[in-house]
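See below for the structure under consideration.
Within every chain, numbering begins at 1; the chains are lettered A, B, ... in the order of the sequence lines, protein sequences first and strands thereafter. Atom set for the values below is all heavy atoms of this structure, side chains included, hydrogens, waters and symmetry mates excluded.
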2 protein chains.
Amino acid sequence: MANPKSVGPTRIPCEQCPLRRRLNFRDFSPEELAFIQSLKVGELQAEAGMSIMREGEQNPQLYTVLAGWGFRYKILEDGRRQILNYVLPGDLVGLQGNVMREMQHSVEALTKMTLCMFERDKLPVLFQTHPSLAFDITWLAAREESMLDEHLLSIGRRSARERAAYLLAFLDSRIRATSDAPPEKSFALPLTQQHVADTLGLSLVHTNKTLRTLADQGLIRWLDRGCEVLDAQRLYRVAEWRPPVEGRRPFI
Amino acid sequence: MANPKSVGPTRIPCEQCPLRRRLNFRDFSPEELAFIQSLKVGELQAEAGMSIMREGEQNPQLYTVLAGWGFRYKILEDGRRQILNYVLPGDLVGLQGNVMREMQHSVEALTKMTLCMFERDKLPVLFQTHPSLAFDITWLAAREESMLDEHLLSIGRRSARERAAYLLAFLDSRIRATSDAPPEKSFALPLTQQHVADTLGLSLVHTNKTLRTLADQGLIRWLDRGCEVLDAQRLYRVAEWRPPVEGRRPFI
DNA sequence: CGTATGCTTGACCCCTGTCAAGTTTGGTGG
DNA sequence: CCACCAAACTTGACAGGGGTCAAGCATACG
């Protein structure tokens, strides 16, 4: 929850961006790359637990996640917290505060993160000169909306067990989508059970018991501060959910 | 739930669009208006209960709501339904299916609706030639995301009573935002308790009992197939929520 | 007037929350 | 290397919010 941020100078030119080399990101023209490069004003390193932006903030920075995990959340006055979604490499952070008056949610780093920082005042220029990139931003917004729809269905209508299965399957499929690793590789989702509880709208205790039954049945393994999905197929069946078949995705 | 749709020819030119005359919609240049007019291919009239679009549909039409209410929803195989959000005049419907592969949710008319139908293949042209309108679409997407965030907070972390208060206050504030009527006018929200239940993630019976206590305390009045908000201020306090202070909004 | 849709209410129970201890793990400093 | 500590994970007991079942009522409509 600490606030300090370290702002570094531009390190990596966009042509060498590690994300761009991955198979699932769409190709950009040299001209597009040069323009994106001109927007970039630096990089932000955030340690796990650090606040990236806060609800109510006016004109926050616009970032793309280069590495690490974070999450978006809102809190009620008495401290009840709802995690809205997770941000992974390639995701755009802070668009809302650039389009609307102020941020309506906060963002916190879940692991050590690297974010690419953009000059926020240039968003209108992007729309005026690079329609393809403008469309990409809309694509990202539509995708976020689609994820939120699924979360709503989950929290509103699924049982605790189904919800947990859905969330872990969802995150497992997302981490795979941002990686070129082979499908048999397993990943550790960098969460605590408190994060799971705050995402699913459950109490910590009941979340623990629910995860335990999933673990006892061999669907997942709970590690310290993390979770490993052992049988994604069965998780899908429990949650009655299919991961999206995303083609090559854009990012800015 | 019926499917038939009646597609009429273009009736109203965009310059005379009834929405456009309202105070809270932003001004458009004559050139922008002419372009929007060129996208319009007709109007859709939908009776209450009719399906506007279905989950899984490929390349659905793109609409703007001109009149009436509808809702977006998803259903699980066993029939559990989650209402994701409501669509009111000025809202864009079907963007997701135009940006991504297919629709991830369904849309149904809650009242008699009139929708403005656009030529969907021209969305890329819009981005290429009218950056201001492209930005408007992104604005609408960011606003939708913001509403979904609030719904998630509500379903995930608020009690039944708080949720109901939030939903009714939210819808009351939305209907006021699309109307030029004076603040003292009261509106009937065109819902059944089943819709409220499916939005809040509650059972019908418990929804009924919750609404009853709100009515007994003079916060709302439940009508036949509808609800009237009597004391918005107290609803806000119960839900610990403030309506957004929207300035003039765009629409296509 | 009969029928369908939507609203109400009561009884009962279960899923999930709360409370209250533990236990395990990793990090830190002596 | 060990002792200590904090954070995170577990577990059991108990309670309550909300679900389910089962009627009954009321209003609209043909």
Side-chain angles (χ1 to χ4, degrees), chain A residues 1-2 47-49 76 78-83 108 110-112 154-165 167-168 188-216 220-228 238, chain B residues 1-2 47-50 76 78-83 108 110-112 154-168 188-216 220-228 238:
Chain A
M1 296 278 189
E47 294 302 317
L76 294 170
D78 62 7
R80 284 176 284 179
R81 179 177 77 168
Q82 178 64 41
I83 294 182
E108 185 178 316
L110 199 50
T111 66
K112 187 174 161 73
S154 204
I155 298 192
R157 288 303 182 201
R158 286 198 245 249
S159 69
R161 181 183 158 79
E162 294 168 332
R163 275 184 237 186
L167 176 64
L168 299 174
L189 310 177
L191 303 162
T192 69
Q193 296 189 354
Q194 185 67 64
H195 292 118
V196 175
D198 287 350
T199 309
L200 301 182
L202 297 170
S203 71
L204 175 60
V205 172
H206 195 66
T207 297
N208 176 279
K209 289 169 181 168
T210 303
L211 291 174
R212 179 118 300 281
T213 72
L214 290 179
D216 288 346
I220 62 168
R221 173 158 44 215
W222 196 268
L223 319 165
D224 188 58
R225 292 187 62 92
C227 173
E228 185 185 341
V238 170
Chain B
M1 297 280 185
E47 294 303 316
M50 270 175 55
L76 294 171
D78 61 8
R80 283 177 285 179
R81 178 176 76 168
Q82 178 64 40
I83 294 182
E108 184 177 317
L110 200 50
T111 67
K112 187 174 161 74
S154 205
I155 299 192
R157 288 303 182 201
R158 284 196 246 250
S159 68
R161 181 183 158 78
E162 292 169 332
R163 276 184 237 187
Y166 159 73
L167 176 64
L168 298 174
L189 309 177
L191 304 163
T192 69
Q193 297 190 354
Q194 185 67 63
H195 292 117
V196 175
D198 287 350
T199 310
L200 301 182
L202 297 171
S203 71
L204 176 59
V205 173
H206 199 251
T207 298
N208 176 280
K209 289 170 181 167
T210 304
L211 291 173
R212 178 119 301 280
T213 72
L214 290 179
D216 288 346
I220 62 167
R221 175 160 40 216
W222 196 268
L223 319 165
D224 186 60
R225 293 187 60 91
C227 173
E228 186 185 343
V238 170

Say whether, by atom type as modelled, one donor and one acceptor occur between the side chain of R221(B) and the main chain of E228(B) under 3.5 angstrom.
no
Heavy-atom contacts, protein to nucleotides 20-30 of chain D, under 4.0 Å, summarised as B (base), S (sugar-phosphate only) or - (none) per nt, yield BB------S--
Within this structure, what is the CG-to-C1' distance between L200(B) and dG19(D), rounded to whole angstrom?
15 Å
Please confirm whether the shortest side-chain N or O distance from Q193(A) to OP1 or OP2 of dT10(D) is below 4.0 Å.
yes
Tell me: CG of L189(A) to C1' of dA8(D), nearest whole Å?
17 Å
Base, sugar-phosphate, or nothing: which does L202(A) touch, judged by heavy atoms less than 4.0 Å apart?
sugar-phosphate
Of the candidates dG6(C), dT16(C), dC7(C), the side chain of R225(B) sits closest to dG6(C)
Scanning both residues in full, the closest heavy-atom pair of I155(B) with G156(A) reads CG2-CA, 3.8 Å
Dump the intermediate steps for side-chain contact (heavy atoms from CB on, under 4.5 Å) on R163(A) and T210(A), then the final yes or no.
CA-CA 10 Å; R163(A) 275 184 237 186; T210(A) 303; over 6 Å; no
Using a heavy-atom cut-off of under 4.0 Å over every strand shown, decide if G226(B) touches base, sugar-phosphate, or nothing.
nothing
Do L211(A) and T207(A) have side chains that approach each other closer than 4.5 Å (heavy atoms only, starting at C-beta)?
yes
Nearest 0.5 angstrom please: L200(B) CG to H206(B) NE2, how far?
11.0 Å
Separation of atom CH2 in W222(A) from atom P in dA7(D), rounded to whole Å
18 Å
CD1 of I155(B) versus P of dG18(D): gap in Å, rounded?
13 Å
Quick one: does any side-chain atom of R157(A) pair with a main-chain N or O of R81(B) as donor and acceptor, under 3.5 Å?
yes
Does a side-chain N or O of R212(A) approach OP1 or OP2 of dT10(D) to a distance below 4.0 Å, or not?
yes
Between CG on residue L167(B) and CG on residue L191(B), distance to nearest 0.5 Å:
7.0 Å
Provide, to the nearest angstrom, the distance between the CZ atom belonging to R163(B) and the C1' atom belonging to dG19(D).
12 Å
Measure the distance from CZ on R80(B) to P on dG19(D) and round it to the nearest whole Å.
13 Å
Once you round it to whole Å, what is the distance between C1' of dC7(C) and CD1 of I220(B)?
13 Å
Among dC9(D), dC7(C), dG18(D), which nucleotide sits nearest the side chain of N208(A)?
dC9(D)
